[in-house]
Amino acid sequence: MKQYVVIGCGRFGSSVAKTLYELGNDVLAIDRNEEIVQEISEYVTHAVQADVMDENVLKELGIRNFDVVIVSIGSDLEASILATLIAKELGVKVVIAKAQSELHGKVLSKIGADKVIFPERDMGVRVGHNLVSSNILDFIELSPDFSIVEITAIPEWENKTLKELKLPTNYGINIMAVKSGNYINVSPYADDKILEGDILVVIGNTEDIKKLEKSSGE
């Protein structure tokens, strides 16, 4: 079991936090919005309302003792940059930061983010790195244990709903988004059907994803 901190619990952050917790990890979720904190509290180990731009607050929460900090703050670039900077200064070994733009990403890298990810762009644009004999299109490694992956729907998934597929049970993965043509559904429902050619953005244990890669390449 590893310990993760997720700072900023919007759509992306809450999806990552819930999945890491469901997969058996210790997850501290931090957001400045009390309503969001209440919503996510039952899906993670601890949820705290806090101002992440205050170094003393993050120090008191003991984030230096966690294995990975994921800064997934949405549109507040200043808060994103400061939270990343503070986490590194407090001695967090691995800080993964979500970027809104290339420039934002460059700043995050320069102040010490170990990995910068672009989830909105990754939802549909990064499909060029197709791996040989595989439906896996792209990896975003959150840690050695967990990854976010783009995968083309395999034939046995086609024309079935997410409820029917039971992907968390059968494959150990959770759906974050589904891309059908030019439309990206970032909040798929259980009754949504997977169609031929759909691209799924999933998060899961790296070992489970490797098994999925093998089965999809056969």
(request) To the nearest 0.5 Å, tell me how far H104 NE2 sits from K106 NZ. (result) 13.5 Å
(message) With rounding to the nearest 0.5 angstrom, report the CZ to OG distance, R11 to S72.
(response) 13.5 Å
(request) Give a yes or no on whether the backbone of S15 and the side-chain of T19 come within a donor-acceptor separation of less than 3.5 Å. (result) yes
(message) If the threshold is 4.0 Å, N to carboxylate O, is there a salt bridge linking K88 and D114?
(response) yes
(request) For F118 and G105, work out which heavy atoms get closest and say how close. (result) CZ-CA, 4.2 Å
(request) Please assess V201 against K179 for the test side chain to side chain contact (heavy atoms under 4.5 Å, CB included), listing each intermediate value before the final yes or no. (result) CA-CA 8 Å; V201 181; K179 185 187 180 202; over 6 Å; no
(request) Using the test side-chain hydrogen bond (donor to acceptor under 3.5 Å, both in side chains), find all partners of K18 that sit at least two apart in sequence or belong to another chain. (result) none
(message) Minimum heavy-atom separation for D198 and K193, please, with both atom names.
(response) OD2-O, 4.1 Å
(request) May I ask you to decide if R32's main-chain N or O and Q49's side chain share a donor-acceptor pair within less than 3.5 Å? (result) yes
(request) Measure across A190 and T161 and return the closest heavy-atom pair with its distance rounded to 0.1 Å. (result) O-CB, 3.5 Å
(message) Could you report the tightest heavy-atom contact between C9 and I36, atom names first, then the distance?
(response) O-CG2, 3.4 Å
(request) For N25 and K2, indicate whether the former's side chain and the latter's backbone hold a donor-acceptor pair under 3.5 Å. (result) yes
(request) Could you grab the distance from atom CD1 of I173 to atom CG of L200, nearest 0.5 Å is fine? (result) 7.0 Å
(request) Please answer whether the main-chain N or O of E207 pairs with a side-chain N or O of N205 as donor and acceptor at a distance below 3.5 Å. (result) yes
(message) What's the separation between atom CD1 in I96 and atom CD1 in I70, rounded to the nearest 0.5 Å?
(response) 5.0 Å
(message) Testing the basics here: between S80 and T84, what is the closest heavy-atom pair and its distance to 0.1 Å?
(response) O-OG1, 2.8 Å
(request) Hydrophobic side-chain clustering at under 4.5 Å (ILVMFWY, transitive links): who's grouped with L195? Put none if nobody. (result) none
(message) Count I, L, V, M, F, W, Y as connected when their side-chain heavy atoms are under 4.5 Å apart, and connections chain through other members. Are L77 and V107 then in the same cluster?
(response) no
(message) Just verifying a value: how many Å separate L162 CG and E164 CD, rounded to the nearest 0.5 Å?
(response) 9.5 Å
(message) Could you measure the distance from the CG atom of D76 to the CD1 atom of I81? Nearest 0.5 Å is fine.
(response) 9.0 Å
(message) If hydrophobic residues (ILVMFWY) are linked whenever their side-chain heavy atoms come closer than 4.5 Å, directly or via other members, who joins L28 in its cluster?
(response) V5, I7, I30, V48, V52, V57, L58, L61, I63, F66, V69, V71, I73, I86, L90, V92, V95
(request) Looking only at non-hydrogen atoms, find the nearest pair between I194 and W157 and report the distance. (result) CB-O, 3.7 Å
(message) Is there a path of hydrophobic side-chain contacts, each under 4.5 Å between heavy atoms of I/L/V/M/F/W/Y residues, joining Y21 to I203?
(response) yes
(request) Using modelled atom types only, decide if a donor and an acceptor are shared between the side chain of N170 and the backbone of L165 within a distance under 3.5 Å. (result) yes
(message) Under the criterion side chain to side chain contact (heavy atoms under 4.5 Å, CB included), I'd like the reasoning laid out for I148 against F12: C-alpha separation, chi angles, the key distance, then a yes or no.
(response) CA-CA 11 Å; I148 296 174; F12 178 78; 3.7 Å; yes
